[in-house]
Structures are given as C-alpha cells and as structure tokens.
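For ligands, and for the atoms within them, numbers begin at 1 and follow the listed sequence. Note that the numbering runs from 1 along the sequence shown for the chain.
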Amino acid sequence: MTRLFNIIEAQQFSPEVMAEIFAVAREMEQVVQHYGSNILNRRIMATLFYEPSTRTRLSFESAMRRLGGEVLTTESAQEFSSAAKGETLEDTIRVIAGYADVVVLRHFEGGASERASAVADVPIINAGDGAGQHPTQALLDMYTIEREIGRLSDISVAMVGDLANGRTVRSLCYLLSKYQGNKVYFVAPEIVRMKEDIKSYLSGHGICHEEVDNLYDVAPEVDVIYQTRIQRERFDNVADYEAARGKYVIDRKLLDCLSAEAVVMHPLPRVDEIDAAAVDDDPRAAYFRQAHNGLYVRMALLKMLLAG
Ligand code: CP
C-alpha cells in the first residue's frame, strides 16, 4: 500500500495512486457495513477548522472513529482557538502536531495548508484553503464519477456557478487533467468566471475546455453537471453577489435536456441553485451519494496515511 504523507493539493495525486485510494475506499464501504475496524486504534486526528463545515469535518471525524481512532476538534478556530489571542497558524500547528498524529486543516487563506506542512512533523490534510484548493473533495468527486459513470477518461463535465472562488472546481480540474480525453465546459456568471491559471493548466495538459454562456447548449452532451453555490462569503459587496446568483439553476427543464446516463453533482452546501423539489428524487441527482462517498474516501486516506 502506498504510504501517503501530506495532502495539500490535487496535483500531487497520480492516476495510479488514485486507483489505489479508490480500491481502499471500496474496501471501506464494506468496513462501514460491518461496523468499523480497529486499524487506527490509539491514533489521534485533530480537526482544526477556521471556516464552517458540515461534510468535511464530520466525515473526517466519522472516518477516524470508524477506523478505531480518536478525534480532537476545534471548529470556529478563529474564535475558539488561541488564534483569537493572536497566535499564528504556524505556532498553533507546531503545538497541535505534538498532540495528534495527523491534522486536518480548513483555513480562509489560500496556501495555509502548505504553510502548516512546512512547520509540522505530522501529516497535514488540506480540508479547504480559502479559494485555493480542496483536494479531498476532488478525490471523492472523482470516486463518485467512477462509481456513477463507470470511467474517469473521455468524460465531459460542465462546471457551473462560482468558478472564480470555487476551490472544489479548481481541484477537480487538476484531477480531470490526469486522464485522457476529458473535456470541461465552464458555465459561470461573468463576475465569477474560471481563472486563467486553471485554464492554462488544462491547456498545458491537453484537456479541452470552453467557456459557455448557455448551459442548455451543452447539457445534452455532458456526462456530469457539477453545480456549485455562489459563495456569498467570498464577495466584497452584496451587489456583485446579487448580480451573480440565480443565473444557472438545475431544475426539471434542465434535467429533461440531460442524457439518461448523466449525473448532477454538487459539493454542497446548496442554497437555491438546485430546485430540490424537482431534482432530488431523480436518479441522476448524485449529490447526496457524493457526500456519502466522502466518508469512504476519507477513511481510505486516513488508512493510507496512518496504518501500519
Ligand atoms: N463540500 C464541502 O466542503 O462541504 P463542507 O463545507 O460542509 O465541509
């Protein structure tokens, strides 16, 4: 089994390592059905979250407990850790690294996990750094695509919504670029279009990408619609947020344009960009299965970081 150390950015994962992670994640589905395992007995994971989270923090904590490990947790760390007294991230990490065997960090600044890894002698897992990256989300997204579509190459994905501030779509682009024949459509309001660094990265790795204004133009041909929330918390003024929201909504009319095999994904939380009453019961709505897959992928990552 490949031994992982820090998980900082999606680019670090090769297709071979991803295949191994996904094989372990499938084993973890069985482990959960059989009420867990003790392979991480006496190991301790600290979750240090400076931004809100439901899925990432709780799925990591569930993953650790289901593998027999223990959890130390600080949510609202900006307020409830000694950051409130002016302690630097680096000092906080140096201290927590003495208490835990792995640190799962969510922070509001891009690059925070890399800074943390420079001073920690235990693995750091990037659980989202500002508008930077969210590599474990991208891994669970790819796991979901493989489970739902049956392959990771020759896939057409429409990424929709807040692409400028979306760390999930940025990380997912890096992983999609590891496989042949993938194509990405960027469908975003003018003010939150995908940034140039990602578009150049895709071009440099031979991945076709195109900006599209009308989602209906590409809906019939895509395998995945990856919808995202317009992130109010990333806007400096309400007028810009109001200008961006509500332009692209997944509803019954859009579903009727998709192929029968396509899936709708969303990293969640959602606000108003999916018409829940019209879409949730459609078998192509994969977002809750996607969120559940986060548990198995994070169990696999913890096993590959800490077991043995
Ligand atoms: N997808 C995701 O990162 O969700 P949370 O913000 O709830 O962790």
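- Scanning for side-chain contact (heavy atoms from CB on, under 4.5 Å) contacts around Ser177 gives Tyr201, Leu202, His205, Ile207, with sequence neighbours left out.
- Between Phe108 and Tyr50, the two ring planes are perpendicular [angle over 60°; tilted spans 30° to 60°].
- Nearest to atom 6 (O) of ligand 1 among the protein's heavy atoms is Arg106 NH1, 2.9 Å.
- Close approach of ligand 1 to Ser53 (heavy-atom distance below 4.0 Å) involves ligand atoms 5 (P), 6 (O), 7 (O), 8 (O).
- Checking Arg57 against Thr47 by side-chain atom types alone, no donor-acceptor pair falls below 3.5 Å.
- A search for side-chain contact (heavy atoms from CB on, under 4.5 Å) contacts involving Ala219 returns Leu254, Cys257, Leu258, not counting sequence neighbours.
- When heavy-atom distances to ligand 1 are checked against a 4.0 Å cut-off, Thr168 has no atom that comes that close, whether in backbone or side chain.
- From Arg3, atom CZ reaches atom CG of Leu305 across 7.5 Å, with rounding to the nearest 0.5 Å.
- A donor-acceptor contact under 3.5 angstrom links the side chains of Ser171 and Gln133, judged on distance only.
- Geometrically, ligand 1 and Thr54 share a nitrogen or oxygen pair separated by less than 3.5 Å.
- Protein heavy atom closest to atom 4 (O) of ligand 1, with residue, atom name and distance, is Arg55 NE, 3.0 Å.
- Looking at Pro267 next to ligand 1, an N or O pair under 3.5 Å apart turns up.
- Every heavy atom of Glu51 sits 4.0 Å or more from the atoms of ligand 1.
- The atoms of ligand 1 that sit less than 4.0 Å from any heavy atom of Gln137 are 1 (N), 2 (C), 3 (O).
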